[in-house]
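This report refers to the structure that appears directly beneath it.
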Protein chains: 2
Amino acid sequence: MSMQRCCPPARVDQAERTADASLFKVLADPHRLTMLATLARAEDEVCVCDFTDALPLEQPTVSHHLKILRDARLVTCERRGTWVYYRIAPDARDRIGAILQSVIPEKVLV
Amino acid sequence: MSMQRCCPPARVDQAERTADASLFKVLADPHRLTMLATLARAEDEVCVCDFTDALPLEQPTVSHHLKILRDARLVTCERRGTWVYYRIAPDARDRIGAILQSVIPEKVLV
DNA sequence: TGGTAATATCGATATATGTCAATGCAACGC
DNA sequence: GCGTTGCATTGACATATATCGATATTACCA
């Protein structure tokens with residue numbers, strides 16, 4: 001007897017997920033998460049020097065991570081004098097939440 | 001005049017974020033997101049062969065990605081005969097949502 | 001104008017990651 | 001047992017990423 005198929009073929013999701021994966025990639029570093037958590041909890045903006053002081057990273061590395069967060073538009077920045085101040089983007093959480101919802105939709109009880 | 005400090009020093013978040021970052025790393029690949037999205041939408045379980053058929057990846061690569069999802073306990077699997085069937089872990093969404101909440105807490109309107 | 005301080009960028013390097021061919025292993029049918 | 005099929009593992013390789021020293025840039029102050 002010939003082997004039967006394993007099962008009715010499942011529909012594999014066809015949505016393009018490259019951009020979503022890219023955003024998760026931005027989140028896939030503990031120091032960037034620390035930066036985001038700090039910015040999310042800050043009353044106001046946070047100076048780059050605070051990160052440089054507090055994180056176990058050299059200044060170019062801090063700057064590198066901030067650029068990745070900027071490019072992903074999860075944070076915004078503003079220079080005042082020699083200093084640069086960062087804020088979390090107002091829609092940062094919603095953007096991540098929306099992606100999570102699109103990948104694993106919340107089951108609503110009927 | 002001497003330059004003043006940039007600002008009252010901000011408290012940089014001290015929580016350990018390595019494990020959180022690791023979970024986001026698991027999500028930081030478009031093919032793994034496709035697998036999760038497929039499993040999340042499946043009525044029931046999904047056979048590995050469906051992924052091998054539908055994704056533009058060779059079988060060892062599919063197996064590699066599934067192992068990463070397994071190790072992160074975002075999916076479970078069960079062998080029946082020659083075939084192996086995967087399911088999304090029941091707490092997958094909640095675990096990711098909890099991390100998002102811990103990094104960027106939702107602002108509750110007062 | 002010249003010096004200093006804060007941040008960004010560049011270049012180099014070590015490590016991590018995605019991919020696949022080759023191989024191993026388990027289960028099935030004959 | 002033997003061949004076949006589905007999936008996992010291994011090993012190799014190319015690319016991506018985190019990190020840092022060196023340097024550039026910008027703004028301030030004397």
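Chain naming here is simple, since letters A, B, ... match the order of the sequence lines and numbering starts at 1 in each. Keep in mind it's a predicted model, so treat the numbers as computed, not measured. These values consider heavy atoms only, across backbone and side chains, with no hydrogens, waters or symmetry-generated copies.
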Distance in angstrom units between [X] [atom1] and [N] [atom2], rounded:
| X | N | atom1 | atom2 | answer |
| --- | --- | --- | --- | --- |
| A:Met35 | D:dA18 | CE | P | 11 Å |
| A:Arg80 | C:dA5 | CZ | C1' | 17 Å |
| A:Asp71 | C:dA8 | CG | P | 12 Å |
| A:Asp50 | C:dA5 | CG | C1' | 16 Å |
| A:Phe51 | C:dA8 | CZ | P | 11 Å |
| A:Lys67 | C:dT7 | NZ | C1' | 13 Å |
| A:Glu78 | C:dA6 | CD | P | 19 Å |
| A:Asp53 | C:dA6 | CG | P | 9 Å |

Minimum-distance nucleotide to [X] side chain [options: [options]]:
| X | options | value |
| --- | --- | --- |
| B:Trp83 | D:dC7, C:dT9, C:dT7 | D:dC7 |
| B:Tyr86 | D:dA8, C:dA8, C:dT7 | D:dA8 |
| B:Val84 | D:dT26, D:dT5, D:dA8 | D:dA8 |

remark   = Residues passing the side-chain hydrogen bond (donor to acceptor under 3.5 Å, both in side chains) test with A:Asp29, sequence neighbours excluded, are none
key: Contacts of A:Gln14 that satisfy side-chain hydrogen bond (donor to acceptor under 3.5 Å, both in side chains) - sequence neighbours left out   = none
remark   = Residue set satisfying salt bridge (charged side-chain N to carboxylate O under 4.0 Å, His left out) with B:Arg32, at least two apart, ordered chain then number -> none
Distances under 3.5 Å only, N/O to N/O: pair up the protein atoms with those of nucleotides 16-20 of chain C.
from, atom 1, to, atom 2, distance (Å)
C:dG18, OP1, B:Arg32, NH1, 3.3
C:dG18, OP1, B:Arg32, NH2, 2.8
C:dT19, OP1, B:His31, ND1, 3.4
C:dT19, OP2, B:His65, NE2, 2.5
C:dC20, OP2, B:Glu58, N, 3.0
C:dC20, OP2, B:Thr61, OG1, 2.9

key: Interatomic distance, A:Ile96 atom CD1 to A:Leu27 atom CG [nearest 0.5 angstrom]   = 4.5 Å
ask   = Can you pull the salt bridge (charged side-chain N to carboxylate O under 4.0 Å, His left out) pairs that have at least one residue in residues 7-24 of chain B, sequence neighbours excluded?
value = A:Arg41-B:Asp13, B:Asp13-B:Arg17, B:Arg17-B:Asp20
ask   = Which residue pairs satisfy the salt bridge (charged side-chain N to carboxylate O under 4.0 Å, His left out) criterion with at least one member in residues 87-101 of chain B, sequence neighbours excluded?
value = A:Glu106-B:Arg93, B:Asp44-B:Arg87, B:Glu45-B:Arg87
task = State whether A:Tyr85 and A:Arg80 meet the cation-pi test: NZ (Lys) or CZ (Arg) under 6.0 Å from the six-membered ring centroid, and within 45° of the perpendicular axis.
result = yes
key: Side-chain N,O (A:Thr82) to OP1/OP2 (C:dA6) below 4.0 Å   = no
